[in-house]
Amino acid sequence: MTDVSTTMPRKTARLAWLTRALIADPMALCSVIWLILVLLLIIANTSGIFAGARIDLKARNLPPFDLSFDWRLWFGADALGRPLMARLAEAALTSIGIALVTVLLSVILGTVLGLVAGYFGGLIGAAIMRASDIIMGFPTLLVALVGLYLFGPSVTNLVIVLAITRMPSYIRVARAETLEVRERLFVDAARVFGGGPFWIIRNHILPIVAPTMLTLASVNVAMVMLFESGLSYLGLGVQPPAVSWGLMIAQGQGYLSSAWWLGFFPGLAVMLTTMSFNLLANWFRIVNDPSQHWRLVRRKRQ
Amino acid sequence: MTAPLLDVRDLSKHFGAGNTPVRAVDGVSFSIAQGETLGLVGESGCGKTSLVRTLLRLNAATSGHAMLDGIDIATARGAELRTMRRKMQVVFQDPYQSLNPRMRVDRLLSEPWALHRDVLPRAEWSSEIARLLEAVGLRPEHALRYPGEFSGGQRQRLGIARALALNPSLLICDEPVSALDVSVQAQVINLLARLRRERNLAMLFVAHDLAVVRHVSDRVMVMYLGRIIETGPTKTIFSTPRHPYTQALLSAVPTPDPTQRGKRNRIVLQGDLPSPSNPPSGCRFRTRCWKATEHCAREAPALMARGPDPALLTACHHASG
Amino acid sequence: MSLLDIQDLAVSFETASGRIQALSGVSFSLERGEVLALLGESGSGKSVTASAIMDLVPNPPGSVDGGSISFDGTDLLSLTAPRRRAICGERIALIFQDALAALNPVYTVGWQIGEMFRIHRKTAGGDIEAAVVDLLNAVGIPDAVRRARQYPHEFSGGMRQRIMIAMAVALEPDIIIADEPTTALDVTIQAQIVDLLDTIRKRSGAGMIFITHDLGVVAELADRVAVMYAGRIVEQASVFELFADPRHPYSIGLLASQPRVDVETADLVPIPGSAPNPAALPSGCAFRTRCPRAQQVCADIVPTLEGAGPGRLVACHFPGPAT
Amino acid sequence: MAPIFLLRRTTLAALALLALMTATFFLVRLTGDPVDLYLPVDASRAARDAMRAQLGLDRPVVAQFFEFFVNLLRLDFGASLWHNRPAMAVVLEALPKTLALGAIALALAFALSVVVGVIAAARPGSAVDRFINVVSQAAASVPDFWLGLMCVLVFAVNLRLLPTSGFGGPAYWVLPVVCLMARPFGMLVQIIRGSMIEALNASYVRTARAKGAMEGRVGFVHALRNALLPAVTVTGDLAAQFAGGGGVVEVVFGFPGVGKLLIDGILRRDFAIVQSSIFAVAVVIFLINILVDMLYAAIDPRVKVE
Amino acid sequence: QSDSITIVVTDEPKSLDPCDTDLSNNARILRNNVTETLVNLDPANGEVVPSLATEWRQVDELTWEFKLREGVTFHDGTPFDAAAVAAALTRAGNADLACEVGLATLSGNVFTPEVVDAQTIRIKTGTVEPILPNKLSTLDIGAPSTPADAKTREPIGTGPYSLAAWNAGQNVQLVSYDGYWGDKPAIANATITWRAESAVRAAMVDTGEAQIAYEIAPQDATSANDHAFPNAETSLLRIDQSIAPLDDKRVREALNLAIDRDGLIGTIFHQDAQKAMQVVLPSVFGYNPDIAVWPYDPDKARSLLEEARAAGTAVDTEIVLYGRIGIYPNSSESMEAIQAMLLDVGFNVRLEMMETTPWLEKLIGPFPADRPPSALQTQIDNTEGDAVFTLPNRFTSGGNTSTIADPALDKLIADASAATGDERQSLFRQAFNYIAVDAINIVPLFHMVTIARVSPDLNYVPDVQAGNEIKLATMSYK
Ligand SMILES: Nc1ncnc2c1ncn2[C@@H]1O[C@H](COP(=O)(O)OP(=O)(O)OP(=O)(O)O)[C@@H](O)[C@H]1O
Ligand SMILES: Nc1ncnc2c1ncn2[C@@H]1O[C@H](COP(=O)(O)OP(=O)(O)OP(=O)(O)O)[C@@H](O)[C@H]1O
Ligand SMILES: [Mg+2]
Ligand SMILES: [Mg+2]
């Protein structure tokens, strides 16, 4: 504590510590590896490696793991004879993209509203909270349907609808945390120096609230992915010809007994990705809580 | 005699509305002169922190006034408010809570200047930070660390350094050493004493450790359940207290001298502090007082000189006895 | 044979910043009816000592690495966990600093006190209730029958500490370990609790280990004092000797840095610096970085606790009275 | 629990319910006109207009809303277009099934996750703990409808152990319950494990150990009751979600619950069904919340129901 | 039990009222099981055969007379007579009830029943009605006790089965009726249940949960127990030909030539599906056997597009393909495949798959003026056996769902509808030719088949009517 001389530049030290902590947690490490794999797949797809993934009705429902085919067909082909690998990659971009953008949108708006509601309270706070209560009370299905019906079934609209329905959780957490942080002594100290509300929110409250929001966001990426897949499964989310994992499951359902791989792989992908985000959220929590650091370290030594 | 630096008249702070508000501070009056240190002692929950926060305008006063160098703390606005903020600074009790853990020390210490742009040009911040750190016994290179990397005593020094950044004339210390170890506590007390001498600081020094208060203060106030029950020069209060509560308080402090064991005349008070939302009628101490009579229940005693020393003010009907 | 005899106790913790040697080579003993004060600043290992005796060192991250704790002739460390638990609960009792946290919030205080009987004795239900009421009366809680049915959060701080005491003395243990029982309390309440502890202990004749960093309380209560610094005992002496003539530079500094309420203190002489980082203790004597007497040998060799007069031990290469 | 408190809460809930119903009314009406869906494609324009008039859909929305509101206050939810009978009757037929399904799934998930969570918390970081961690994370992350499909494929289609879907005897409940359980189980294990570890490190558990209590007693008597609180909160939230129907799972298994009813109602533009199921579910959620609060107070005396 | 059967279909019926049997979900359960009609159509050749009516004749241009079967009773014991028929006919036409039969098959004319005696009924028509018996083959006769001014959930008919229970959301149960006038059926108890998923339905027959599963997707039709039968539906894309560039006939022809129909058959569509050129099946009166099916000729399609482009048509305008999710098995896949084929020859097409309600908005007029050029996925069925049930509403300028407004075609269809005999046939044939070849209003795809999986121990082979009728009475176990 007192005389630990830290000569290393802080950013590097932090990065090194994060890497060490990551290696110490095998589950988190696996998650990162999986996400990187998915990312590579997406990049491969967008850069056209799967080009020629055209409809080919003769290759319809080709079974997977037949290594005698072209490598693109190792995961089998879908109902229109396109390589499943390419479809999975394209769906990954939609599914993860939707989840990330949705969460980004809702985390920013939700945090801002939560900070405002928590710090100022009063009428604005009450208004924000009631509004978020009402949003929470709604069946998301209905909201999604209305949104998609009114504004057309596009990915953008899906993102907006999902972002709105996810926002309340951020508002609540940000508000609760703000209420707590607001009472801490260092906030009082800043006030004694003459810090105004925005100064305090920006410099003192936000930095404390942000890691919690980040953790929540990570969990929420997982939730949104599940949710989007559910909506798409019901035909209320991503619409063909666009494709997402959820939609692939829905489409694969028709081939449940004839070509199980059509529904199996996208479902597995949803599960692994969701799990990765959850595990990373866990890991992130531990990394951000010094009292739990020994967990990471102990594992490293074993 | 010049006007006091801080003048508090009939200040009250009640929490909660309705018929039973918590009367955390109830009609308190006192003043602090330039360069003077006033000690404030009392049991936990008696309203010390509430008073401090009201003075700092972190709470709105329920009634009464507090004037800092002619500025009414409760109503100051604009330039007046800025002046007031500059003149009065605070050191909090908990050195772990009062520094933002995610701010590096240099940002922490320069925050006052960032908020009061006219005080110090930005170019001079870093040299001034070094000076401040040295003034509180830390090293300039500490500016690059985070609060989490300091020990409790060092953090409290950081808190003090930050409070001094605007060069205030009044420093309010809310139990600045209660959370510190004995060996470190002495360092901080000495530091405060030195700074006070060097800068002619006036201080309101809040503590529940009577020994520390005795060591630090020029004058002492004893608070009980939101009221000042006795105040006077440090010497008098500690040698010949007149209020039964002050007497009990003093006698309850264990002496670090085993040879005195069993020889002192100790008064062990019975019971706990009554609830501040429903204080006893008349004298608030009467429920635990061995001298209490009918009279005490009926009438609240005024704070006034009741003995040979005119500077010792006591709020007790039986103080002269 | 002493009631409790601890030899060379070592405890360490695994943390992110490395291994912390919380205790090393701690040895002391306690006689029947004696009050031993463990004095030392925060982090010096007082609570860990108590935990080690009671088998409460959390594992992981902590572990007892060596030494022996013998109670009434049995080596506690060699016992099986259940037997050790049984002894510790019945014959050695622990009182914690923060009574609010130490009492289970979801059970009534009567139930929690009565649990002592349910765990260790086969007392009948009705008898337990009566015993609990007696205990509550004995620790000065009025209206005991009603209050036994209340929950911890319905009591004030002093009252909670009384409940902890009632629980501790329920089975009339041989040793009471009180870990800073009054630190969180006001002076007036502290006086009540110290009196109560003293009375109860005298009545039962139990030995007591009183952990504190308050010199005043030590002076009032203790027979013997062990001063701890950075996981080691640096000085052991009778309370009179220690206050009159401290030998270890740390003890000397401690006494000199304490302002007093009864006499006017001139200048305080603080110990320079602050407590060392437990994960990176200085080599040799851990106190040397703050010690005015430190020399090269202090960096090379860890001083051992050695006799420095009758019943008095000091761990310093340059022991001596204050100058 | 004071009657005043109940009254206050009920009033608040009623207000919230009115707001919810108002919003629902306008939202469902934004999803389009049911007439085309309900008449044959060959039906003439006149017939369409006639039906619109009969349903009152030709009037201004505000007028429709007013009528809806008055009827709502009389607890009259109108007739279902699809089912051709009072919508609330249809909902009340489906609701008990959904509640039973949710209750069974949650109860099992809760019981199982307490056991598993406690086992994991007993030795945090051990191999068992890590295994449980992975399994529970997987359970919490699996898309329930996909799990349903795969279960149907394996257990019904391939192994022929269980019926594929539908509603009937106990066998029909197995797969829906399992699929519905997965997520709560995963989440609850995580929570109980975490709160149990925390509770086992709490000061009062040290006290219990110091008193000489054996580990079993320490875990189950002292720690568990404290550790259950967050689990109860989450279970309450989940129960509220399940009250709205196992949604997609009900669709997958053709389980005639309120979730399927709502989804079908939305797809079929059966306004009365949508409105009455949302109403019924909101009422159930309100009751669940009260129940959870009472449970909370029963577990933790510090919590006062007020 | 050897006298019980479970049948799984796709959806729950939304009504079990006898006057709603235009809905196939309803008709499947009721028609000739619970309720019966005056006449039936022969599945083999579409000829009208007796049922509750034993004989009939056209008295004059505007009057038909039917002789009714004797000794028939409803399930509630009341006898079947002319009054019952009159009541059923009146009820079906009651606008307030919005009966499916009244709104669809019987719409466009006025029918006035006239009870001659208990066993004879005359029906007066507002305008000449050459094929009234065909129309009446869709009118199920419910008991007189059926409420005249409200829909019923408990149909009472004269059929071999009576309704035992309708467990909403679960199933409909039928039990054989002892007082039936005809032969006693072998199956005494029938349960009709529903599952949305083809694979699940198919599996249910395999697992023994059901004995018959209808509408199995082509990919699930893998066993010998799967019977494909034409279901009277024809799938197509309807071209919105009033919007550029689809107002250019060359572009419309290119659309047709770009589609590889042979490639779709046996993959996305069942191999028994027939390439179509018109929207009715050969068994329908008016079918034109002489129209040649469009070939797959992507090169010609490209050159047609080039031609159109050269002539100034905005060929590159984005054309929207409106599809409906689940309109038939593999509907999304088929549209994606078609989109790919169109893109391949140089069309700029965007696919939009919709759920039913928004799709209906695109299907049914009036259409907004500023709509984009589009082609809509749909299918047209004709179970009544005459082209008049298909053409007016879909291809005349006044038609509900028509995107063609061509006076010549309007006249052709009007004349054909009023004509009888060979003239009628020839005019209808001309009309079909005009739609497909002269106007190119449609991209015809296939005469569709439905696949039913039938438990091997059951004697049952689905016929062309199986889409509308589950002939329980004909079934038995081996
Ligand atoms: N924000 C608040 N709302 C309601 N009551 C409060 C609030 N702050 C303080 N109080 C009450 O006011 C009384 C005085 O509290 P205060 O913190 O001023 O005491 P204190 O003398 O500083 O005690 P300590 O020595 O424990 O710091 C207490 O009874 C406390 O419960
Ligand atoms: N669970 C733990 N994990 C890691 N380190 C621990 C743990 N418990 C104690 N320690 C370390 O052991 C050392 C001794 O701690 P201990 O609690 O005994 O101090 P103490 O003398 O009781 O202090 P205080 O006066 O603050 O109670 C400290 O450095 C502390 O950081
Ligand atoms: Mg305070
Ligand atoms: Mg301790």
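Residue numbers start from 1 in every chain, and the chains themselves are labelled A, B, ... in the order their sequence lines are given, proteins ahead of strands.
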Most contacts with chain B, counted as non-hydrogen pairs under 4.5 angstrom, among C/Leu221, C/Leu254, C/Leu242: C/Leu221
Residue, of C/Ala244, C/Gly273, C/Gly253, that accumulates the most heavy atom pairs under 4.5 Å with chain B: C/Gly273
Heavy-atom closest contact (B/Pro256 atom, C/Phe243 atom, distance): O-CD2, 3.3 Å
Give the member of C/Arg290, C/Gln258, C/Arg260 that has the highest number of heavy-atom pairs under 4.5 Å with chain B. C/Arg260
Any side-chain to backbone donor/acceptor pair from C/Gln192 onto B/Leu269? Under 3.5 Å, distance only. yes
Can you tell which of B/Arg214, B/Gln187, B/Gln185, B/Arg288 has the highest number of heavy-atom pairs within less than 4.5 Å of chain C? B/Arg214
C/Val218 portion near chain B, given a 4.5 angstrom heavy-atom threshold: backbone
For residues C/Val261 and B/His215, determine if any side-chain heavy atom of one lies less than 4.5 Å from a side-chain heavy atom of the other. no
Heavy-atom pairs under 4.5 Å with chain C, option from B/Asp257, B/Asp209, B/Val184 with the top count: B/Asp257
Is the CG atom of B/Asn200 crowded by more than 12 outside heavy atoms at less than 6.0 Å? yes
So, B/Asn190 side chain and C/Leu268 main chain: donor-acceptor pair closer than 3.5 Å or not? yes
Where does B/Val182 contact chain C at under 4.5 Å (heavy atoms): side chain, backbone, both or neither? both
Return the CZ to CG distance between B/Phe238 and C/Asp262, rounded to the nearest 0.5 Å. 10.5 Å
Checking heavy atoms, do the side chain of B/Gln270, its backbone, both or neither come under 4.5 Å from chain C? backbone
Ranked by heavy-atom pairs below 4.5 Å to chain B, first place among C/Pro259, C/Pro272, C/Ala191 goes to C/Pro259
Pair count under 4.5 Å, heavy atoms only, with chain C: among B/Gly153, B/Gly45, B/Pro254, B/Gly137, highest is B/Pro254
N/O donor-acceptor pair under 3.5 Å between C/Asp186 side chain and B/Ser44 backbone: yes
Is there side-chain contact between B/His208 and C/Val187, with heavy atoms separated by less than 4.5 Å? no
Which heavy atom in B/Ser183 sits nearest to a heavy atom in C/Pro270, and how many Å separate them? O-CB, 4.1 Å
C/Asp195 to B/Arg266 - nearest heavy-atom pair and separation: OD1-NH1, 3.4 Å
Taking the side chain from B/Asp181 and the backbone from C/Glu41, do they hold a donor-acceptor pair closer than 3.5 Å? no
